[in-house]
There are 2 protein chains.
Amino acid sequence: MAPADRPDRVPRTGNRILDALPPADFARLRSEMDEVSLPVHQVVFDAQETITSVLFPLSGVISLVTPMEDGNIVEVTTVGNEGMVGVPVFLGARSTTVRAISQVSGRALRQPVDAFLRAIDDHSQLRAVVQRYTQALFTQISQSAGCNRLHSNEERLARWLLMSHDRVGADRFPITQEFLSQMLGVRRATVTVSAGILQRAGFISYARGQVTIVDRKGLEGASCECYRIMQTELVRLLSY
Amino acid sequence: MAPADRPDRVPRTGNRILDALPPADFARLRSEMDEVSLPVHQVVFDAQETITSVLFPLSGVISLVTPMEDGNIVEVTTVGNEGMVGVPVFLGARSTTVRAISQVSGRALRQPVDAFLRAIDDHSQLRAVVQRYTQALFTQISQSAGCNRLHSNEERLARWLLMSHDRVGADRFPITQEFLSQMLGVRRATVTVSAGILQRAGFISYARGQVTIVDRKGLEGASCECYRIMQTELVRLLSY
DNA sequence: CCTGCTCCGTACGGTACCGTACCGACAGAG
DNA sequence: CTCTGTCGGTACGGTACCGTACGGAGCAGG
């Protein structure tokens with residue numbers, strides 16, 4: 001199953017929630033999970049749909065978006081290997097008003113809802129970690145709500161790139177301006193302009209659906225404070 | 001203490017979370033609470049500040065806002081007697097990045113953080129209700145995040161008035177355009193224009209810091225879908 | 001090599017806001 | 001009854017977007 005050379009040493013999965021658990025706890029959980037791959041643009045669950053399993057991403061980026069009646073969507077937060085998808089289940093719901101969509105392809109450990117809820121009951125450590133991750137999610141969404149209203153497209157684009165950069169763990173990753181525009185809730189043409197500014201400033205480079213983060217510090221300077229606030233709070237809450 | 005004519009019958013407080021509890025549970029909780037009044041514009045707790053007690057509003061409206069570095073703020077959600085202030089405590093945190101500020105004066109039951117956490121441990125019913133309220137809050141904030149990006153000032157103003165109308169339980173309540181502008185993250189002058197449109201349409205009337213909801217149905221038509229989505233989800237999650 | 005497709009750059013008129021500012025109307029204090 | 005502060009209406013230039021649209025550049029398949 002996994003390359004553990006000692007029986008009581010569970011190898012890190014790469015998911016920070018699962019990796020925070022004691023080895024024995026994780027072993028029991030792992031037996032109820034299967035590893036799945038998430039192709040780009042896959043809808044993990046849609047608004048109003050019954051959630052049947054939760055996901056612990058190992059790689060890639062999943063976006064939670066709020067879909068509107070006219071078909072427009074806006075990202076409210078981003079999930080990677082620092083978190084999980086399916087927090088509403090933890091909060092006693094089986095559906096939600098947001099859509100979870102894979103934005104950068106990756107892999108994840110999937111656990112059926114029933115098993116997850118049993119695990120939450122049985123493992124106080126898991127409960128505690130998920131609780132604090134839920135709080136981090138709160139911070140991120142609240143900050144997004146303000147950011148969406150007050151900050152410029154360019155600042156928000158920089159923030160999005162930084163958050164994704166953290167989660168993919170590589171300087172280069174695939175993302176088209178078309179999908180970026182949906183995440184940011186603007187026209188594609190507006191993304192082109194903002195991305196062009198960041199590119200000419202030497203912070204990123206960009207070609208045919210592939211971004212490269214060239215100057216991370218520069219990008220942080222171009223972003224609004226929201227990136228820093230979300231990141232700081234995430235670190236604070238998940239430093240067990 | 002309270003005008004209960006039978007010893008085992010606890011009178012409704014008016015707060016929907018507390019009212020969902022079995023009488024015996026509530027009685028024990030109540031002994032650890034004190035009733036406070038919340039004058040308008042009082043900061044219940046500020047961003048980064050240690051939260052020492054949670055509040056269960058009986059009347060009035062409290063706004064959760066995201067404060068930005070430049071001093072601007074934007075409302076992310078509204079809390080009234082359907083909920084509580086201090087959900088981060090439930091999620092294992094003692095502080096948050098949002099500010100809670102009383103927007104329409106009212107009264108609330110206040111419980112120290114320690115007592116609240118003991119109560120959460122001891123009373124599964126309270127835990128379940130707060131959990132589901134937390135999920136409702138998630139929905140509201142997520143919807144706000146999208147709404148703030150995609151919908152016009154006029155639609156968002158109508159939504160804000162409807163949400164407050166539900167919570168104050170009166171057709172007339174005090175709110176200045178100045179504070180509305182802060183909630184909506186726009187200039188006061190923009191509120192004047194939008195409010196003027198709603199007033200000329202006969203949906204509201206407005207004078208010197210007092211709004212009156214004249215035609216609620218009309219206002220619902222002027223609002224974006226976000227009001228309905230938040231309201232529906234709240235009812236669904238809190239119908240125990 | 002051509003075709004078709006995806007992705008990105010650019011343009012142009014329109015609009016919903018912005019920052020700033022001024023002024024009038026009303027209410028409460030004295 | 002005046003004074004003073006709060007509240008709301010309006011204006012004006014500026015700007016960051018919008019909707020729409022066209023075209024070019026690269027890549028993949030036939």
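All of these numbers come straight from a predicted model, not from anything done at the bench. Chain identifiers are assigned alphabetically (A, B, ...) following the order of the sequence lines, protein sequences preceding nucleic acid strands; residue numbering begins at 1 within each chain.
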Rounded to whole Å, how long is the line connecting atom [atom1] of [X] with atom [atom2] of [N]?
X: B:Leu150; N: C:dC17; atom1: CG; atom2: P; value: 13 Å
X: B:Gln199; N: D:dG8; atom1: CD; atom2: C1'; value: 10 Å
X: A:Asn148; N: D:dA16; atom1: CG; atom2: C1'; value: 16 Å
X: A:Arg187; N: D:dA21; atom1: CZ; atom2: P; value: 13 Å
X: B:Asn153; N: C:dT15; atom1: CG; atom2: P; value: 17 Å
X: A:Gln182; N: D:dG19; atom1: CD; atom2: P; value: 13 Å
X: A:Asp70; N: D:dC18; atom1: CG; atom2: C1'; value: 14 Å
X: A:His151; N: C:dC18; atom1: NE2; atom2: P; value: 14 Å

N-O pairing of [X] and [Y] below 4.0 Å:
X: B:Glu155; Y: B:Arg159; value: no
X: B:Arg228; Y: A:Glu69; value: yes
X: A:Glu82; Y: A:Arg167; value: yes
X: A:Glu35; Y: A:Arg107; value: yes

Starting the side chain at C-beta, find the nucleotide from [options] nearest to [X].
X: A:Arg208; options: C:dC18, D:dG26, C:dT20; result: D:dG26
X: A:Tyr206; options: D:dG8, D:dA21, C:dC8; result: C:dC8
X: A:Val186; options: D:dC17, D:dC22, D:dG5; result: D:dC17

How would you label the contact of B:Ala195 with the nucleic acid (heavy atoms, under 4.0 Å): base, sugar-phosphate, or nothing?
nothing
Does [X] have a side-chain nitrogen or oxygen under 4.0 Å from the phosphate oxygens OP1 or OP2 of [N]?
X: A:Thr190; N: D:dA16; value: no
X: B:Thr176; N: D:dT6; value: no
X: A:Gln177; N: C:dG9; value: yes

For the residue pair B:Trp160 and B:Phe173, does the interplanar ring angle fall in the parallel (under 30°), tilted (30 to 60°) or perpendicular (over 60°) class?
tilted
I'd like to know if B:Arg188 reaches the base of D:dG9 with its side chain, counting only an N/O donor and acceptor under 3.5 Å.
yes
First of B:Glu154 and A:Gln210 reached from the 5' end of DNA chain C, by closest nucleotide:
A:Gln210
Closest-nucleotide mapping onto DNA chain D: is B:Gly196 or A:Ser194 further toward the 5' terminus? I mean the 5' end.
B:Gly196
